Amino acid sequence: MDLVGYHDLQGRSAYQPLVHAQGGRWIAYIGLHGGHRPNTLNAKTEHNGTAILDVSDPQRPRLLAHIPGAPGAGAQMVRVCDGAELPRADRKGVYLLRTFGNSAHEVWNVADPSKPVLVSTVASGLQGTHKNWWECDSGIAYLVSGVPGWRTARMTQIYDLGNPERPEFIRDFGLTGQQPGASGPVPTELHGPISTGRKGGRVYFGYGTSSHGILQIVDRDRLLRGPKEPTSENLLYPQLGRLDLGPDAGAHTVFPVLGMDRAGHANKQEKSGDFVVLTSESLAEECREPRQMAWMVDVSEDSKPRAVASWTVADAGGEFCRRGGRFGTHSSNESFSRIYYKRIMFFAHFNAGVRAVDIRDPRHPQEIGHYIPAANGNTEERCGGDGRCKGVIQTNNVEVDARGYIYIVDRARTGMHVLALTGPARAIAAFE
């Protein structure tokens with residue numbers, strides 16, 4: 001991978017990037033961790049929230065706006081839908097769904113990305129938020145929330161945001177044992193869902209970060225139309241399958257890659273299969289935990305999900321455990337862009353940068369490229385068990401756009417890097 005462009009994001013700690021084509025431009029929306037920094041656009045010090053950049057020229061990203069977030073908690077998550085695609089929205093609008101710290105979910109109109117306007121507060125008074133999902137064609141939003149009374153800080157609230165100005169609540173959802181009034185151990189909290197929408201009919205929920213993770217496969221129609229009172233029976237009703245990962249792995253990101261070609265790598269009767277790319281999150285610095293990695297999970301039979309392959313980066317390749325900070329996977333790209341879908345996955349790997357992995361043979365994923373940014377004057381130090389502090393990059397999340405550019409953002413305030421595949425790696429993608 002080669003570096004194409006860079007922006008320092010005003011030295012803010014970044015979480016979720018998303019790039020959206022709108023009005024003849026390409027606009028990047030970056031969810032940010034907590035903290036505060038001067039905003040060079042208005043000379044005010046603002047709590048980290050959402051950075052909005054024009055990346056139409058990827059060599060020269062340009063900051064358009066910063067929407068402040070919650071004090072100390074930022075606004076980590078972003079999703080964007082066009083009003084022309086949403087069922088009942090203003091067709092001229094472009095809508096940003098974001099978290100507001102751990103207490104609320106908001107929708108902003110960003111049709112003019114330089115002048116975002118708050119449209120609605122979808123839910124507030126929460127005890128946690130995280131990686132939401134929004135179906136633009138139906139308007140259904142799966143919000144990671146901590147609703148008072150539930151036994152976990154992260155479960156699911158489902159809303160109809162077909163008209164973002166008038167959110168309509170559908171139901172609460174979670175694992176049995178998380179609901180109000182339950183007893184016994186509380187299952188691992190939700191990290192984030194990804195829906196295949198009305199056509200795919202499935203919602204994949206990932207629970208956990210680095211331990212006791214769970215992949216839950218849910219029938220979308222039963223989830224939205226089934227009984228909604230959060231009893232154990234009703235919470236189990238839409239569940240089709242479940243994979244429990246044990247004490248050494250979580251399910252930070254669960255990205256479905258469906259209809260994979262297996263003809264050349266399996267029995268002749270197996271012509272295609274459905275998989276979930278499951279990524280666990282590294283939490284401990286300097287490798288003081290089990291290695292966190294990515295897994296290929298065969299979900300061709302909803303009721304029998306099974307891991308068939310794993311992928312990781314070897315420490316020996318760069319002595320990453322000695323560099324400082326976290327080393328291990330954190331997240332994968334979540335774009336269904338045809339350029340890379342079912343071909344290449346990108347993984348944010350903290351101090352090992354971003355990694356491109358060929359998944360065309362889902363049982364034998366192979367790394368084909370990587371990029372490790374250099375630390376700079378904004379990079380925060382990470383202090384290890386020996387008391388020594390090091391300025392080390394922490395590539396946090398990765399996303400791609402429909403042009404094929406790759407965007408990585410840094411947890412340690414290093415900024416946003418825009419990348420492109422080169423050589424044989426680029427030849428695997430579907431640019432033509």
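On a predicted model such as this, the values are computed, not experimentally measured, just so you know. Atom set for the values below is all heavy atoms of this structure, side chains included, hydrogens, waters and symmetry mates excluded.
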Within a strict 4.5 Å, meaning less than it, do heavy atoms of the [X] and [Y] side chains meet?
X      : Y      : answer
Ile393 : Ile372 : yes
Ile359 : Arg343 : no
Gln76  : Phe100 : no
Gln216 : Gln239 : yes
Arg62  : Leu53  : no
Ile158 : Leu223 : yes
Thr312 : His349 : yes
Glu367 : Val313 : yes

- So His20 and Tyr29, ring pair (Phe, Tyr, Trp, His ring centres under 6.0 Å) or not? Walk me through it. CA-CA 8 Å; His20 187 67; Tyr29 298 90; 7.0 Å; no
Regarding [X] and [Y], is there a side-chain donor-to-acceptor distance under 3.5 Å anywhere?
X      : Y      : value
Ser280 : Gln292 : yes
Asn234 : Glu229 : no
Asp410 : His417 : no
Asp54  : Ser56  : yes
Thr50  : His66  : no
Asn39  : Gln10  : yes
Thr329 : Thr279 : no
Tyr6   : Asn376 : yes
Ser282 : Glu289 : yes
Arg323 : Asn351 : no

- Message: If you apply the rule side chain to side chain contact (heavy atoms under 4.5 Å, CB included), what do you find for Leu41 with Leu63, and how did you get there?
- Response: CA-CA 8 Å; Leu41 297 175; Leu63 185 68; 3.9 Å; yes
Which label fits [X] and [Y]: parallel for a plane angle under 30°, tilted from 30 to 60°, or perpendicular past 60°?
X      : Y      : value
Phe346 : Tyr340 : perpendicular
Phe205 : Tyr142 : perpendicular
His252 : His330 : perpendicular

- Within a radius of less than 6.0 Å around CZ of Arg88, do more than 12 heavy atoms belonging to other residues, nucleotides or ligands occur? yes
- Task: Tell me, yes or no, whether the heavy-atom count around Arg25 atom CZ, taken from other residues, nucleotides or ligands under 6.0 Å, exceeds 12.
- Result: yes
Salt-bridge present ([X], [Y]; N to O < 4.0 Å):
X      : Y      : answer
Arg326 : Glu285 : no
Glu380 : Arg382 : yes
Asp358 : Arg360 : yes
Glu286 : Arg288 : yes
Arg202 : Asp219 : yes

Contacts of type side-chain hydrogen bond (donor to acceptor under 3.5 Å, both in side chains), residue [X], not counting sequence neighbours:
X      : answer
Tyr407 : Asp401, Arg403
Thr176 : none
Arg171 : none

Smallest separation among heavy atoms of [X] and [Y], with atom names:
X      : Y      : value
Ala123 : Tyr159 : CB-OH, 3.8 Å
Gly259 : Lys342 : O-NZ, 3.4 Å
Ile408 : Pro373 : CD1-CG, 3.7 Å
Ser210 : Leu283 : OG-CD1, 3.3 Å
Ala307 : Trp295 : CB-CE3, 4.2 Å
Asp82  : Ala21  : OD2-O, 4.4 Å

Side-chain donor/acceptor of [X] to backbone N/O of [Y], under 3.5 Å:
X      : Y      : result
Asn109 : Val119 : no
Ser332 : Thr253 : no
Gln59  : Asp57  : no
His105 : Val144 : yes
Tyr371 : Val418 : no
Thr188 : Gly213 : no
Trp133 : Leu143 : no
Arg154 : Gln127 : no

- Partner of Arg79 under salt bridge (charged side-chain N to carboxylate O under 4.0 Å, His left out), picked from Glu135, Glu399, Glu334, is Glu334
- Task: Let me see the working for Phe347 and Trp311 under ring pair (Phe, Tyr, Trp, His ring centres under 6.0 Å), right down to the final yes or no.
- Result: CA-CA 10 Å; Phe347 298 96; Trp311 169 86; 5.2 Å; yes
- Stacked cation flag Arg222 on Tyr237, 6.0 angstrom / 45 deg: yes
Can you tell me how far apart [atom1] ([X]) and [atom2] ([Y]) are? Round to the nearest 0.5 Å.
X      : Y      : atom1 : atom2 : result
Met155 : Gln157 : CE    : CD    : 5.5 Å
His191 : His130 : NE2   : NE2   : 3.0 Å
Leu97  : Asn132 : CG    : CG    : 5.0 Å

- Intermediate values then yes/no, ring pair (Phe, Tyr, Trp, His ring centres under 6.0 Å), Phe336 and Phe255: CA-CA 9 Å; Phe336 288 87; Phe255 181 74; 4.8 Å; yes
- Query: Going through the checks in order, is the side-chain hydrogen bond (donor to acceptor under 3.5 Å, both in side chains) test met by Arg413 and Asn378?
  - Reply: CA-CA 6 Å; Arg413 297 177 20 187; Asn378 287 330; 5.1 Å; no
- Message: So if I apply the side chain to side chain contact (heavy atoms under 4.5 Å, CB included) rule between Leu96 and each of Val107, Leu18, Val80, which one comes out positive?
- Response: Val80
